[in-house]
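Predicted, not measured: the structure shown is a model, and the values here were computed from it.
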Amino acid sequence: MKITEVASQLNVSARAIRFYEEKGLITPDKEPGNQYRLFTEEHIGQLKTIIALREIGVPVEQIKVMLEGLDQGDTAPLQDELEQHRNQLYREFLEMKQLIETADRMLERVQMEHKVDQTWLYRMAEGSKRLRDSRNAWKDRWDFDQLAGSMRYYWIGWSNGSRPAQGNKGWILALEQGI
């Protein structure tokens, strides 16, 4: 399939596909006579993966690492990079949520008092900044991130209805086994 056909099928521009090729994410075959790009079903599958990852904001560099692992039949790099990306998105979400809450409090105060208390507005912004700075400065000295990753898989099991009958004993056993 030629680039325009693939672009139409996947609802992306031919320019985007060329960009992914330029960045080394995909290497289509070339027609011998005219060097037109030829895309196989495998290439289209790779492009679907690239497009899906770009849609959730994964940077091209991370996608390259993910695809290299998938090409070797290893999903671990994809999983690791997706978890890192999800964590980054969550941090940004928390920061955005805090900013919205601060803006809401400022708006509420201005609406109630019908005037602007500049010192109070400044204190609200400073409080928001301190919270963001403390979140950004946090270091995982006790390996909580690793522990949380182990616990996440255990909780997934619970959500599928496979809760252990032994309550806390099952929980402790799962942590010890790294489930």
Side-chain angles (χ1 to χ4, degrees), residues 1-100 132-133 135-164 171 173-179:
M1 203 179 285
K2 293 189 178 168
I3 194 167
T4 53
E5 298 167 318
V6 174
S8 176
Q9 179 182 337
L10 299 178
N11 200 26
V12 295
S13 67
R15 183 176 179 197
I17 295 172
R18 286 187 201 98
F19 173 77
Y20 300 143
E21 180 184 5
E22 183 182 302
K23 294 298 180 180
L25 300 180
I26 189 164
T27 309
D29 300 330
K30 303 273 180 143
E31 279 188 7
N34 56 21
Q35 295 297 303
Y36 286 170
R37 294 167 181 84
L38 291 177
F39 294 87
T40 63
E41 287 301 317
E42 182 180 341
H43 294 124
I44 292 170
Q46 290 172 332
L47 280 167
K48 286 178 180 178
T49 301
I50 293 165
I51 292 164
L53 294 170
R54 290 296 295 146
E55 185 62 32
I56 63 169
V58 177
V60 170
E61 298 78 29
Q62 280 182 281
I63 293 174
K64 189 167 187 167
V65 171
M66 295 172 175
L67 291 176
E68 287 169 356
L70 290 175
D71 286 345
Q72 298 171 3
D74 185 7
T75 60
L78 175 66
Q79 181 178 339
D80 292 345
E81 295 290 333
L82 277 174
E83 285 179 2
Q84 288 179 23
H85 185 68
R86 186 227 178 262
N87 290 341
Q88 178 61 33
L89 289 173
Y90 190 72
R91 282 190 294 276
E92 291 171 12
F93 163 76
L94 290 176
E95 186 173 327
M96 200 56 70
K97 183 178 178 228
Q98 177 63 39
L99 293 173
I100 290 169
R132 183 178 58 248
D133 290 347
R135 226 185 256 125
N136 290 337
W138 185 80
K139 300 221 183 308
D140 185 9
R141 295 185 183 118
W142 299 279
D143 209 18
F144 282 136
D145 289 340
Q146 181 64 35
L147 182 61
S150 298
M151 292 168 61
R152 184 179 73 96
Y153 295 110
Y154 187 69
W155 279 108
I156 289 171
W158 273 26
S159 68
N160 292 332
S162 60
R163 185 176 186 161
W171 174 263
L173 179 63
L175 289 176
E176 289 172 353
Q177 294 176 350
I179 296 175

Exercise. Of the options Val6, Leu38, Thr40, which is the one that meets Met1 in a side-chain contact (heavy atoms from CB on, under 4.5 Å)?
Worked result: Val6

Exercise. Do you know which two heavy atoms are closest between Tyr20 and Arg54, and how far apart they sit?
Worked result: OH-CG, 3.6 Å

Problem set entry | Non-hydrogen atoms of Leu25 and Leu67 that approach each other most closely | O-CD1, 3.5 Å

Exercise. Any salt bridge between Glu21 and Lys30, counting N to O under 4.0 Å?
Worked result: yes

Exercise. Counting only heavy atoms not in Glu31, do more than 12 sit closer than 6.0 Å to its CD atom?
Worked result: yes

For this session: Give a yes/no verdict on a cation-pi contact between Arg15 and Phe19, requiring under 6.0 Å between NZ or CZ and the six-membered ring centre and an angle within 45° of the axis.
Result: no

Exercise. Just wondering, do Asp80 and Val65 contact through their side chains at under 4.5 Å, heavy atoms?
Worked result: no

For this session: Mind telling me whether Phe39 and His43 have parallel, tilted or perpendicular rings, with 30° and 60° as the class edges?
Result: perpendicular

Exercise. More than 12 foreign heavy atoms under 6.0 Å from CD of Gln35: is that the case here?
Worked result: yes

For this session: Determine whether His85 and Leu89 make a side-chain contact, defined as any pair of heavy atoms from C-beta on separated by less than 4.5 Å.
Result: yes

Problem set entry | Short side-chain donor-acceptor distance under 3.5 Å, Glu92 and Gln88 | yes

For this session: Would you indicate whether the side-chain heavy atoms of Leu82 and Met66 approach each other to under 4.5 Å?
Result: yes

Exercise. Does Ser13 use its side chain to pair, donor to acceptor, with the backbone of Ala16 at less than 3.5 Å?
Worked result: yes

